[in-house]
Amino acid sequence: MPAEAYLECMKAYLSGKTEYGWYICLYDESIVAGLGVIENDFHDRKDLTPNVCAVYAEEEHRKKGLAGNLLNKVVDDMRNKGVTPLYLVTDHFGFYERYGWEFLCMVQGDDEPKMTRMYIHR
């Protein structure tokens, strides 16, 4: 289950066992946007790692650049740690390209009937 895997990755990061972190944006002490970095975001291409995952912004905070700023931050942070390239899976078209991501290939998601788009940031 993704939530359990994400929580395990968060715990590993907070305990210093991994370089893969989690990024959040707060507004009035509430999390309004966030994303994480995980080894594999539940797809069959285990060689394409690490993956940016759980990219999200609350609906009322969308179209303000929060997710884009978080994407840029994670790319910079991981690059500074020597972790490059990064990958992500998504069904969205057009959004990630604005932040330097390129379509790479289609991957099969775990327990998913259809293939999903895989992007890379070099």
Side-chain angles (χ1 to χ4, degrees):
M1 172 176 232
E4 292 169 8
Y6 293 164
L7 185 56
E8 285 302 312
C9 187
M10 288 175 197
K11 289 177 182 176
Y13 178 70
L14 292 172
S15 66
K17 295 177 183 169
T18 182
E19 295 288 328
Y20 303 160
W22 290 78
Y23 300 76
I24 58 172
C25 182
L26 297 174
Y27 180 78
D28 286 340
E29 299 184 25
S30 296
I31 297 173
V32 297
L35 57 77
V37 180
I38 195 167
E39 190 75 22
N40 177 278
D41 199 17
F42 313 101
H43 56 79
D44 63 343
R45 290 296 304 273
K46 308 302 184 206
D47 58 313
L48 302 178
T49 185
N51 293 185
V52 170
C53 65
V55 178
Y56 182 76
E58 291 287 340
E59 193 165 340
E60 62 271 18
H61 293 278
R62 291 182 185 159
K63 300 189 187 230
K64 297 178 181 179
L66 300 178
N69 285 332
L70 289 172
L71 285 165
N72 290 336
K73 177 70 173 157
V74 73
V75 166
D76 288 344
D77 281 359
M78 291 293 106
R79 184 174 288 132
N80 288 336
K81 294 176 181 182
V83 179
T84 187
L86 295 174
Y87 302 91
L88 66 79
V89 292
T90 184
D91 290 330
H92 293 284
F93 295 88
F95 176 74
Y96 293 99
E97 291 88 343
R98 287 186 270 170
Y99 300 98
W101 294 83
E102 304 167 34
F103 173 74
L104 180 66
C105 63
M106 299 298 286
V107 297
Q108 183 65 54
D110 297 351
D111 302 319
E112 294 290 329
K114 295 187 202 174
M115 300 286 277
T116 305
R117 297 172 64 81
M118 169 67 74
Y119 282 77
I120 185 172
H121 197 289
R122 301 176 198 274

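Remember, it's a predicted structure, so these values are computed and weren't measured experimentally.
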Residues, nucleotides or ligands: over 12 heavy atoms within 6.0 Å of Lys17 NZ: no
Under 4.5 Å side-chain linkage, directly or through intermediates, the cluster mates of Tyr13: Leu14
Kindly indicate whether the side chain of Ile38, heavy atoms from C-beta on, has any atom under 4.5 Å from the side chain of Tyr6. yes
Just jot down the side chain to side chain contact (heavy atoms under 4.5 Å, CB included) partners of Lys63, sequence neighbours excluded, or say none. none
Answer yes if the side chains of Asn51 and Tyr119 hold a donor-acceptor pair under 3.5 Å, and no otherwise. no
When Ile, Leu, Val, Met, Phe, Trp and Tyr are grouped by side-chain heavy atoms lying under 4.5 Å apart, directly or through other members, which residues fall in the same group as Ile24? Leu26, Ile31
Does Glu8 have any side chain to side chain contact (heavy atoms under 4.5 Å, CB included) partners at least two apart in sequence or in another chain, and if so, which? Lys11
May I have the step-by-step check of side-chain contact (heavy atoms from CB on, under 4.5 Å) for Cys9 and Trp22, ending in yes or no? CA-CA 9 Å; Cys9 187; Trp22 290 78; 3.6 Å; yes
With a 4.5 Å limit on heavy-atom distance, are the side chains of Arg117 and Met106 in contact? yes
Those residues that, when tested against His121, pass ring-ring contact (aromatic ring centres under 6.0 Å, His included) (two or more places apart): Trp101
Between CG of Leu71 and CG of Leu88, what distance do you get to the nearest 0.5 Å? 7.0 Å
Apply side chain to side chain donor-acceptor pair (under 3.5 Å) to Thr49 and list each qualifying residue two or more places apart in sequence or on a separate chain. Glu39
Can you tell me how far apart CG (Leu86) and CD1 (Ile120) are? Round to the nearest 0.5 Å. 9.0 Å
Hits for side chain to side chain contact (heavy atoms under 4.5 Å, CB included) against Lys114, two or more places apart or cross-chain, chain-then-number order -> none
Lys73 atom NZ, over 12 foreign heavy atoms within 6.0 Å: no
Taken in chain and number order and not counting sequence neighbours, the residues that satisfy side chain to side chain contact (heavy atoms under 4.5 Å, CB included) with Ala33 are Cys25, Ala57, Leu66, Leu70
For His92, what residues pass the ring-ring contact (aromatic ring centres under 6.0 Å, His included) criterion, not counting sequence neighbours? none
Is the count of non-hydrogen atoms from other residues, nucleotides or ligands lying under 6.0 Å from Glu60 atom CD greater than 12? yes
Pairing residues for Arg79 by the side chain to side chain donor-acceptor pair (under 3.5 Å) criterion, not counting sequence neighbours: none
Filter on salt bridge (Lys or Arg N to Asp or Glu O under 4.0 Å), then keep only pairs touching residues 80-109, sequence neighbours left out; what's left? Glu19-Lys81, Glu102-Arg122
Please lay out, stage by stage, how Met118 and Leu48 fare under the test side-chain contact (heavy atoms from CB on, under 4.5 Å). CA-CA 9 Å; Met118 169 67 74; Leu48 302 178; 4.0 Å; yes
In short, Pro50 meets Pro85 closest at the heavy-atom pair CD-O, 3.9 Å
Might you point out which heavy atoms bring Val89 and Val107 nearest each other, and give the distance in Å? CG1-CG2, 3.6 Å
Using a 4.5 Å cut-off on heavy atoms from C-beta on, say whether the side chain of Arg45 contacts that of Cys105. yes
Pairs in or reaching into residues 49-87: which pass ring-ring contact (aromatic ring centres under 6.0 Å, His included), with residues at least two apart or in two chains? Tyr27-His61
